[in-house]
Number of protein chains: 2
Amino acid sequence: MARPTAKDRYHHGDLRAALLDAAEAELRAHGVEGFTLRGCARRAEVSHAAPAHHFGDARGLLTALAAIGYTRFLATQARHKQGATPDAQAQLVAAGLGYIDFARANPALFRLIFASDRPDHDNPALCAAARAAFDQLVGDVAAALGDGPQASAQGRAMVASTWALVHGMADLLITGRLPYLPQGDAAQEEAMLREILVRCLFAPPPGQTRAAPLAASPPGT
Amino acid sequence: MARPTAKDRYHHGDLRAALLDAAEAELRAHGVEGFTLRGCARRAEVSHAAPAHHFGDARGLLTALAAIGYTRFLATQARHKQGATPDAQAQLVAAGLGYIDFARANPALFRLIFASDRPDHDNPALCAAARAAFDQLVGDVAAALGDGPQASAQGRAMVASTWALVHGMADLLITGRLPYLPQGDAAQEEAMLREILVRCLFAPPPGQTRAAPLAASPPGT
DNA sequence: CGGCAAATCTTGCCAATGTCAACATGATGC
DNA sequence: GCATCATGTTGACATTGGCAAGATTTGCCG
């Protein structure tokens with residue numbers, strides 16, 4: 001566990017990783033809107049122009065951080081799914097709770113990913129990370145539906161509504177806006193979130209009795 | 001239609017309103033993260049320090065703008081509700097579509113209100129505006145449920161899930177993330193949004209057949 | 001082993017920004 | 001009329017992001 005990255009060396013050793021850590025800490029401390037490139041440099045104890053050699057500019061650093069955030073985002077969902085029963089619906093609910101858990105544990109990172117113009121969302125690496133997260137969602141929904149979601153209009157609506165509901169809960173939660181949430185009791189709170197997810201995600205389409213494997217599209221398409 | 005606010009007068013006449021307009025234009029042009037107080041002053045053709053006499057600092061201006069945004073937000077919902085059938089469920093759906101419409105028409109303002117730390121969310125006027133919007137939501141849900149939403153656990157979950165779903169759709173839409181949305185055809189697009197809303201908002205609680213006026217809470221509470 | 005090129009980091013600089021202080025101008029009320 | 005206050009301007013300063021030039025290290029190649 002030798003730590004060769006002594007503070008007094010001209011060359012840092014692994015400044016790139018250190019800057020990413022510093023950037024996340026800055027984000028956590030001051031939010032996306034208070035993020036400062038020079039603050040990152042100070043935190044990493046390098047000069048203010050050092051980050052440019054690794055990330056170009058502030059946008060480059062935030063883009064790289066957003067891509068890393070996506071992988072952590074997926075990891076959190078995977079962790080939650082491992083702790084759930086293996087049936088597809090429970091897996092989908094677990095993924096949703098993981099989505100929300102990530103947002104609450106990393107609100108600034110969540111906002112960097114989903115509600116900030118500062119990262120370059122056209123960057124190939126960031127696009128790929130986003131795509132992976134989306135594919136994961138589509139896969140979970142498909143498994144829960146027992147159907148290729150892109151196939152039917154209902155499947156597509158299911159993907160959209162699942163994402164919207166979970167994303168809305170996460171976004172409202174990190175701004176303290178989700179109303180009537182049982183305060184303090186984590187178990188009770190998760191129960192309510194879970195109940196909402198189950199009720200909405202597996203709601204039958206209008207005119208049907210129960211959801212589960214959906215049949216064909218409704219007449220009129 | 002006389003326009004006494006000539007550009008060459010020392011006193012502007014109604015700089016406060018002009019700065020709010022300028023701020024909204026700046027927001028629309030550069031987003032919350034690119035917002036600049038000096039840019040507002042330039043747009044209003046006053047010196048860079050003039051805004052301070054009306055709003056104190058940048059945060060003050062954005063706080064006032066956020067409060068105004070809330071009233072427009074409510075007005076958009078009210079307009080949509082007027083165009084819908086008077087039954088409570090249609091009214092709730094119309095309010096949701098108005099929520100989404102506002103977000104799409106004013107994405108930067110929407111983000112200023114719901115996803116920015118720059119306004120002072122403890123400001124009394126802004127708090128009151130937010131409270132009004134929330135009360136409106138609770139009222140709409142109560143009417144659709146035929147029940148005081150705070151009364152039952154289901155009512156509370158209904159308020160939370162309604163808000164979360166609509167908010168999630170709005171937030172994903174303005175970042176171009178809501179998947180599988182029929183492109184181009186506005187009517188078809190609204191139909192899909194409406195279908196999602198109806199399916200989720202009026203979904204029966206697990207173990208019941210249909211929603212409409214909900215009965216009491218399920219056993220076990 | 002020597003030396004040179006590239007990578008990495010620093011210092012110094014510039015324009016833009018937010019905020020403050022000091023001053024100028026106009027409106028209002030007595 | 002005139003004093004007072006609101007409104008607006010100018011100037012200054014610290015902070016920030018980015019660029020250029022120089023310093024230090026690493027690595028490669030003969």
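Computed over heavy atoms, backbone and side chain alike; hydrogens, waters and symmetry mates excluded. Letters go in sequence order (proteins before strands), and every chain restarts at 1.
Note on B:His53: every side-chain N or O is 4.0 Å or more away from OP1 and OP2 of D:dT9.
Residue B:Glu33 contributes atom CD, which lies 17 Å from atom P of D:dT16 at whole-angstrom precision. Rounded to whole Å, atom P of D:dT16 lies 15 Å from atom CG of A:Leu62. In this entry the distance linking CG of B:Asp14 with C1' of C:dA27 reads 15 Å, nearest Å. Rounding to whole angstrom units, CZ of residue B:Phe55 and P of C:dC20 are separated by 16 Å. Distance, A:Glu45 CD to C:dC9 C1': 14 Å, rounded to whole Å.
Here salt bridge (Lys or Arg N to Asp or Glu O under 4.0 Å) pairs that include residues 29-41 of chain A, with residues two or more places apart or in two chains, number zero. Listed by first and then second residue, the salt bridge (Lys or Arg N to Asp or Glu O under 4.0 Å) pairs involving residues 52-73 of chain A are A:Glu24-A:Arg72 (not counting sequence neighbours). Pairs passing the salt bridge (Lys or Arg N to Asp or Glu O under 4.0 Å) check and including a residue from residues 112-124 of chain A, sequence neighbours excluded, read A:Asp117-B:Arg111.
Salt-bridge formation is not detected for the pair B:Arg194/B:Glu189: no Lys NZ or Arg NE/NH1/NH2 atom is positioned less than 4.0 Å from an Asp or Glu carboxylate oxygen. For A:Asp140 and A:Lys81, the salt-bridge test passes: some basic side-chain N is under 4.0 Å from an acidic carboxylate O.
In terms of heavy-atom proximity, A:Leu193 sits nearest to A:Leu97 at CB-CD2, 4.0 Å.
For the side-chain hydrogen bond (donor to acceptor under 3.5 Å, both in side chains) test with A:Tyr99, the passing option among A:His80, A:Gln77, A:His167 is A:His167; the others fail.
Remark: DNA chain D takes part in the stems C:1-30 with D:1-30, each of 3 or more antiparallel Watson-Crick or G-U pairs, criterion distances under 3.5 Å.
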B/S/- contact track for nucleotides 12-19 of chain C, protein heavy atom under 4.0 Å: BB---SBB
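A:Arg79 pairs by the salt bridge (Lys or Arg N to Asp or Glu O under 4.0 Å) definition with nothing, not counting sequence neighbours.
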